[in-house]
Amino acid sequence: MPDALYVNNLMKRFGTKEVLKGVSFSVPEGSVFGFIGQNGAGKTTTMKTVLGLLAPDGGAIQVFGENVTYGNTKTNRMVGYLPDVPEFYDYMTTREYLGLCADIAGIPKGEQKARIEEMLEMVGLASEKHRIRGFSRGMKQRLGIAQALLHRPKLLICDEPTSALDPMGRKEILEALQAARSQTTVLFSTHILSDVERICDRAAILHNGTVVLNGTMEELHARKAGTDFAVTAADGVSFEALRSHFPKFQKTEKPGAEEFEMLWKQGAQEDFRNVLGFISEQNLNIRSAAWAESSLEDLFLAATQGETEVKA
Amino acid sequence: MIPFLKKEILEQFRRKRVLLLGILFTAFALLGVATAKLTPKIMEMFADELAKSGMVYDITESTVMDAWMQFFKNAAIPLIVMIILWSGSFTGEYQKNTLIPLVTKGLSRTSLFFAKMITAALVWTAGYLVYFVVTYGYAEFYWGNGGVKHLFFAVFLYWLYGMWYLAILGLFSSFAGTTMQVLLGVGAVFFTVTFLEFIPKLPSKLPTALQNGLSLMQGSAKPSDFTVPIVIVSVCIVLCLAGGATLIRKKKL
């Protein structure tokens with residue numbers, strides 16, 4: 001079965017600025033894919049190219065095995081798109097607008113009403129009878145999701161759907177995306193890493209026009225997990241005893257670290273067992289001892305600072 | 001194309017454009033008739049004073065031709081207002097990104113282009129029709145339109161002249177990024193044609209000749225005199241529409 005989205009060696013230049021320098025990744029069907037990158041990394045450019053709104057300077061894109069072409073691309077019938085700042089005709093009501101979308105998408109007249117009500121219910125706008133003119137940003141974002149999912153696309157593409165929203169609005173959008181998962185594959189871009197941790201099962205990090213990391217969330221976490229372990233002593237005596245017996249331990253200096261916390265970088269299973277043996281032998285007082293799991297943020301920082309310039 | 005056309009027409013009503021243009025076309029029609037009717041009376045009132053300063057005003061009753069003269073003279077103003085109102089029709093949507101959700105749902109750009117052009121043509125036709133009917137009605141009431149030659153053909157010529165501008169507007173709108181660029185483009189065409197009018201023998205062949213419906217009404221020109229400008233304008237309209245429909249397919253949205 002072809003991937004929902006396949007992007008290979010995508011290039012795009014605006015004037016002399018190379019925005020995409022060979023972006024490659026694929027989104028398997030049924031996944032929620034986080035597309036991570038700083039502002040200006042090329043996320044929106046990539047997405048607009050996938051939608052046929054921008055002409056690529058090189059590379060290939062396929063949606064469910066069909067090639068994307070610039071201009072009127074046929075692949076768009078399978079795609080729902082939520083732009084970063086969705087704008088609608090403000091003189092229409094939500095139902096009028098979704099009716100227009102339904103007509104354009106070719107949804108049979110008989111099904112339209114039920115489908116529109118279902119979408120408005122899902123995004124919490126069912127009781128909204130006013131014209132779009134007075135809508136808040138969060139309401140427009142929710143209407144954006146409703147229009148994007150209206151024709152039951154097989155691939156939903158969202159450009160920074162949560163960035164401009166308050167925590168409550170973010171929570172609602174993330175829940176809506178998670179709910180959409182049962183019907184569609186989701187690709188969403190963001191620079192908010194906690195959103196990715198919350199709902200994605202796959203992610204790619206875009207930096208300087210290339211994908212620097214790409215994989216399932218487990219793979220991404222595993223990339224750094226299992227090499228460092230941290231021990232926090234309960235008192236100074238135990239702390240000193242461990243430090244003097246195992247010189248590889250270094251006091252954790254980063255802000256927010258506990259007073260008697262220490263870190264063993266690039267350790268092996270055997271090292272960790274030895275430490276635990278020593279603790280029990282010497283009856284040391286310990287608060288915690290564990291492999292330090294790297295957060296997505298660590299990975300992101302490492303990747304974007306070129307520390308682990310790994311191409312997937 | 002039908003869903004987007006419905007949206008365009010709804011937009012004309014909700015944005016109060018129908019109301020505005022309706023009032024404007026009616027007001028200018030009334031103004032034209034009133035000017036034709038009242039000018040001799042006003043002159044009559046000042047006749048004594050004018051005589052004192054040595055000017056002799058030969059008082060004649062106004063005729064139906066005065067009303068139609070005003071008709072063609074004033075028509076430019078509602079046409080200009082219409083062009084200004086329409087200049088943002090495409091670019092406004094480009095700038096607000098309102099087309100993206102529709103295009104990504106499968107709205108073809110060709111349909112989008114023609115839906116907007118059809119709406120513009122409908123609005124111009126309806127407004128011009130109001131303008132014509134009001135003028136015709138009052139002219140009939142005050143003077144009678146009996147002596148007017150080729151009345152409908154003369155009126156049709158100016159309608160076609162308006163359509164020509166709308167087609168040019170559509171062409172520039174298909175690729176320009178801002179409303180200002182569209183207006184500059186239309187303005188450039190206007191000045192080019194105005195400039196060409198200085199070349200001898202050319203004026204009767206230019207699109208601007210279509211404004212001279214009055215000469216037909218008065219009998220100083222015959223319909224066949226307008227064959228060349230009609231052909232030129234019609235070819236221009238077809239080329240503008242074909243060009244616009246092609247260019248918008250490659251427009252970066």
Side-chain angles (χ1 to χ4, degrees), chain A residues 14 44-45 47-55 68-93 96-107 109 112 131-133 140 143-151 153 155-157 159, chain B residues 1-20 85 88-116 118-119 123 174-175 177-179 242-253:
Chain A
F14 290 117
T44 301
T45 305
M47 292 183 154
K48 285 196 155 182
T49 318
V50 170
L51 290 155
L53 296 171
L54 286 175
V68 171
T69 52
Y70 174 56
N72 291 329
T73 180
K74 289 209 167 64
T75 48
N76 276 349
R77 69 181 192 281
M78 298 184 278
V79 181
Y81 177 52
L82 173 64
D84 48 353
V85 186
E87 282 295 341
F88 312 106
Y89 301 113
D90 56 8
Y91 50 81
M92 287 185 172
T93 66
E96 284 169 343
Y97 186 76
L98 293 179
L100 169 66
C101 293
D103 281 340
I104 287 172
I107 299 171
K109 280 278 176 200
Q112 288 189 5
R131 290 190 186 167
I132 298 166
R133 182 166 299 132
K140 282 188 184 170
L143 178 57
I145 291 190
Q147 63 80 23
L149 287 174
L150 187 66
H151 56 302
L155 173 63
L156 174 66
I157 297 180
D159 193 357
Chain B
M1 180 157 82
I2 303 299
F4 196 74
L5 185 62
K6 271 163 46 186
K7 168 255 161 195
E8 280 294 312
I9 291 171
L10 178 74
E11 183 170 325
Q12 304 313 309
F13 283 94
R14 295 257 170 103
R15 289 239 161 105
K16 308 272 189 289
R17 284 202 193 136
V18 170
L19 184 72
L20 177 68
L85 280 182
S89 174
F90 287 81
T91 52
E93 298 224 36
Y94 300 154
Q95 282 166 345
K96 281 187 77 188
N97 289 330
T98 39
L99 290 174
I100 287 178
L102 306 181
V103 168
T104 54
K105 254 182 218 67
L107 174 66
S108 95
R109 295 174 182 222
T110 320
S111 311
L112 180 165
F113 178 78
F114 282 110
K116 279 190 180 287
I118 289 171
T119 313
V123 171
S174 68
F175 63 86
T178 65
T179 307
T246 310
L247 289 171
I248 201 166
R249 292 171 76 95
K250 296 294 164 203
K251 167 81 187 160
K252 195 173 95 183
L253 289 180

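Reckoned from all heavy atoms, side chains included, excluding hydrogens, waters and symmetry mates. Just so it is clear: chains get the letters A, B, ... in the order the sequence lines come, proteins before strands, and each one is counted from 1.
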Top contributor to chain A interface from B:L99, B:I248, B:L107, B:T110 [non-hydrogen pairs under 4.5 Å]: B:L107
A:L53 versus chain B, the contacting section by heavy-atom distance below 4.5 Å: both
Proximity breakdown for B:K251 and chain A, heavy-atom pairs closer than 4.5 Å: backbone
Main-chain N/O of A:L51 paired with A:N76 side-chain donor or acceptor, under 3.5 Å: yes
Largest heavy-atom contact set with chain B, pairs under 4.5 Å, which of A:R131, A:R77, A:K74, A:M92: A:R131
Choice from A:L100, A:I104, A:L54 maximising heavy atom contacts with chain B below 4.5 Å: A:I104
Non-hydrogen atoms of B:T179 and B:G88 that approach each other most closely: OG1-CA, 3.7 Å
Part of B:L102 lying under 4.5 Å from any heavy atom of chain A: both
Any donor-acceptor N/O pair, B:R249 side chain to B:T246 backbone, under 3.5 Å: no
B:K116 side chain vs B:S89 backbone, donor-acceptor pair below 3.5 Å: yes
Contact class of B:E11 relative to chain A, heavy atoms under 4.5 angstrom: both
Pairing of B:R15 and A:D90 as salt bridge, 4.0 angstrom limit: yes
Candidate pair B:L112 and B:E93, rule side-chain contact (heavy atoms from CB on, under 4.5 Å), full reasoning: CA-CA 11 Å; B:L112 180 165; B:E93 298 224 36; over 6 Å; no
Options A:Y70, A:Y91, A:Y97, ranked by heavy-atom pairs under 4.5 Å with chain B, top entry: A:Y91
Atom group of A:K48 that falls short of 4.5 Å from chain B, counting heavy atoms: side chain
Proximity breakdown for A:M78 and chain B, heavy-atom pairs closer than 4.5 Å: neither
Whether B:K6 side chain and B:I2 backbone form a donor-acceptor pair below 3.5 Å: no
